[in-house]
A.B. asks: 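Below is one structure. I have some questions about it.
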Amino acid sequence: MDERFPLQYQIACIILTALFVWSFSVSREPRLWRRLFQSTFSKATQFSVNKNKVIDESLKKWGILIAMGILVADVGCFVAGVTYQSRMDAKRMSADDWFHVNEQNRIQGTAPGAAGRTSLP
């Protein structure tokens, strides 16, 4: 298995992206989805124009909110997958390795203009 972007993160990103697209399409065309649902599960005697309009408005509002929540989770999962290898490398470092990394960061951070220079003059 490739450690740079593990399979479980890839699968989660694919599923979350599909859920985002589906929930966003429901919020964009609520009337189509409401009619599909009503034709499948409702009786014809329960038809009401005002009730259907309220349902459509509610589907639009909640569909957008749910889609944005899924998008945030999808981006979070993607970032977690991309940073997986560096997080695992950091877990495997010994205390001595951490000391050397912190020492290098301290030296580079206190030197004036160290960020722009690659070598000493």
Side-chain angles (χ1 to χ4, degrees):
M1 178 171 24
D2 190 16
E3 262 191 45
R4 290 176 290 166
F5 196 72
L7 184 62
Q8 56 267 36
Y9 287 106
Q10 293 176 16
I11 291 170
C13 284
I14 290 169
I15 290 171
L16 287 171
T17 302
L19 282 173
F20 166 73
V21 169
W22 178 73
S23 63
F24 195 72
S25 70
V26 167
S27 66
R28 293 270 301 153
E29 293 293 330
R31 185 179 301 155
L32 173 75
W33 291 96
R34 177 191 42 84
R35 286 180 179 169
L36 177 67
F37 178 81
Q38 284 179 336
S39 68
T40 306
F41 298 107
S42 265
K43 297 179 183 177
T45 58
Q46 299 174 349
F47 180 75
S48 168
V49 175
N50 291 335
K51 183 179 179 185
N52 289 343
K53 187 174 181 179
V54 170
I55 291 172
D56 290 345
E57 291 170 357
S58 178
L59 274 175
K60 185 172 281 199
K61 175 187 169 191
W62 285 103
I64 294 276
L65 290 173
I66 290 170
M68 292 305 117
I70 292 171
L71 182 63
V72 167
D74 192 15
V75 169
C77 182
F78 179 77
V79 169
V82 168
T83 60
Y84 178 80
Q85 186 176 8
S86 64
R87 288 185 287 122
M88 291 303 113
D89 290 343
K91 276 187 177 179
R92 292 184 201 121
M93 288 177 66
S94 67
D96 192 40
D97 293 336
W98 275 111
F99 175 75
H100 290 297
V101 168
N102 288 334
E103 189 68 19
Q104 286 177 348
N105 288 339
R106 186 184 62 80
I107 291 169
Q108 289 176 356
T110 58
R117 282 190 274 165
T118 56
S119 66
L120 295 174

A.B. asks: Once side-chain hydrogen bond (donor to acceptor under 3.5 Å, both in side chains) is applied, do any residues pair with Gln104, and if so which ones, sequence neighbours excluded?
C.D. replies: none
A.B. asks: Determine, for Arg106 against Glu103, whether the closest basic-nitrogen to carboxylate-oxygen distance falls under 4.0 angstrom.
C.D. replies: yes
A.B. asks: Just how far is it from atom NZ of Lys61 to atom CG of Asp56, taken to the nearest 0.5 Å?
C.D. replies: 15.0 Å
A.B. asks: Counting only pairs under 3.5 Å, give me each side-chain donor-acceptor contact of residues 12-26, with atom names and distances, residues two or more places apart or in other chains.
C.D. replies:
unit_1	atom_1	unit_2	atom_2	d
Thr17	OG1	Cys13	O	2.7
Thr17	OG1	Asp74	OD2	2.7
Ser23	OG	Leu19	O	3.0
Ser23	OG	Phe20	O	3.1
Ser25	OG	Val21	O	3.4
Ser25	OG	Trp22	O	2.7

A.B. asks: With a 6.0 Å cut-off (strictly less than), is the heavy-atom count around OH of Tyr9, excluding the residue itself, greater than 12?
C.D. replies: yes
A.B. asks: What is the minimum heavy-atom distance between Arg34 and Leu59, and which atoms define it?
C.D. replies: CB-CD1, 4.2 Å
A.B. asks: Give a yes or no on whether Val54 and Ile66 share a hydrophobic cluster (residues Ile, Leu, Val, Met, Phe, Trp, Tyr; joining criterion: side-chain heavy atoms under 4.5 Å apart).
C.D. replies: no
A.B. asks: Supply the atom-to-atom distance His100 NE2 to Asn105 CG, rounded to the nearest 0.5 angstrom.
C.D. replies: 13.0 Å
A.B. asks: Ala80 and Arg87: which non-hydrogen atoms are nearest, and at how many Å?
C.D. replies: O-NH2, 2.6 Å
A.B. asks: Connecting only ILVMFWY residues whose side-chain heavy atoms lie within less than 4.5 Å of each other, what is the rest of Leu65's hydrophobic cluster?
C.D. replies: Trp62
A.B. asks: Restricting to non-hydrogen atoms, name the atom on Phe5 and the atom on Gln10 that form the minimum distance, rounded to 0.1 Å.
C.D. replies: O-NE2, 2.7 Å
